[in-house]
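Okay, structure first, notes after.
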Amino acid sequence: MIVLSRTVSLPDNDVEITAIRAQGAGGQHVNKTSTAIHLRFDIRASSLPEYYKERLLAASHHLITSEGVIIIKAQEYRSQEMNREAALARLVAVIQELTAVQKSRRATRPTRASKERRLASKSQKSSVKALRGKVRRPQD
């Protein structure tokens, strides 16, 4: 059971996990063991609530294909179990990131004191810049 929030969780059979051979350097170990994990999660066929499915399918994310499948490849660890945990953690992070509800912004106005501080700062900078001119000698 994969827990996404207090109210939403995914059964393990919604996620398809396959062990594959990892890429890159590593010598003989990398050539004979399948330690990388290839995770596939079909959004449409999952048991997620409709609200989650709509948000995920509407999102434009590099891990979501046009068919609505999240594909994650984890190969940063030498152990298959650690790569499995990393892939599941990335899946949970993607789902939580894309389904988070943004807090609406309330318009505020600057206080009188902040306006006065801003104007005082502007006049101070103005006077400093005015004094930067060339120094002229009085005419003899």
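Under a hydrophobic-cluster definition in which Ile, Leu, Val, Met, Phe, Trp and Tyr are linked whenever side-chain heavy atoms come within less than 4.5 Å, directly or via other members, V101 and L57 are assigned to the same cluster. Under the 4.5 Å side-chain heavy-atom criterion for ILVMFWY residues, no single connected hydrophobic cluster contains both Y52 and I71. Hydrophobic cluster membership differs between M82 and L91, with clusters built from Ile, Leu, Val, Met, Phe, Trp and Tyr side chains linked at under 4.5 angstrom. I20 and I70 fall into different hydrophobic clusters, where Ile, Leu, Val, Met, Phe, Trp and Tyr are joined by side-chain heavy atoms under 4.5 Å apart, directly or via other members.
For R44 (side chain) and E67 (main-chain N/O), a donor-acceptor pair under 3.5 Å exists by modelled atom type. A donor-acceptor pair under 3.5 Å is formed between the side chain of R90 and the backbone N or O of K73. Formation of a donor-acceptor pair under 3.5 Å by the R55 side chain with backbone atoms of A100 is found in this model.
Minimum heavy-atom separation, A87 to I37: CB-CG2, 4.1 Å. In terms of heavy-atom proximity, A36 sits nearest to Q75 at CB-CB, 3.7 Å. Of all non-hydrogen atoms in Y77 and T35, the two that sit nearest each other are O-OG1, 4.4 Å. Across all their heavy atoms, S34 and R21 have their closest contact at OG-CG, 3.8 Å. A pairwise comparison of heavy atoms in H61 and V94 identifies CE1-CG2, 4.2 Å as the closest pair. Between N83 and A74, the shortest heavy-atom contact is O-CB, 3.4 Å.
Remark: Q23 CD is loosely packed, at most 12 non-hydrogen atoms of other residues, nucleotides or ligands lying under 6.0 Å away.
The distance from the CG atom of D14 to the CD1 atom of I43 is 11.5 Å, given to the nearest 0.5 Å. The distance from the OG atom of S46 to the CG atom of L56 is 8.0 Å, given to the nearest 0.5 Å.
Partner of R40 under the side chain to side chain contact (heavy atoms under 4.5 Å, CB included) criterion, out of V69, T18, T65: V69 alone. For the side chain to side chain contact (heavy atoms under 4.5 Å, CB included) with K125, the qualifying choice from S121, S123, S127 is S121, the only one to do so. Each of I17, I72, L10 was scored for a side chain to side chain contact (heavy atoms under 4.5 Å, CB included) with L88, with one residue passing: I17.
A 4.5 Å side-chain heavy-atom check between T99 and L48 finds every atom pair outside the cut-off.
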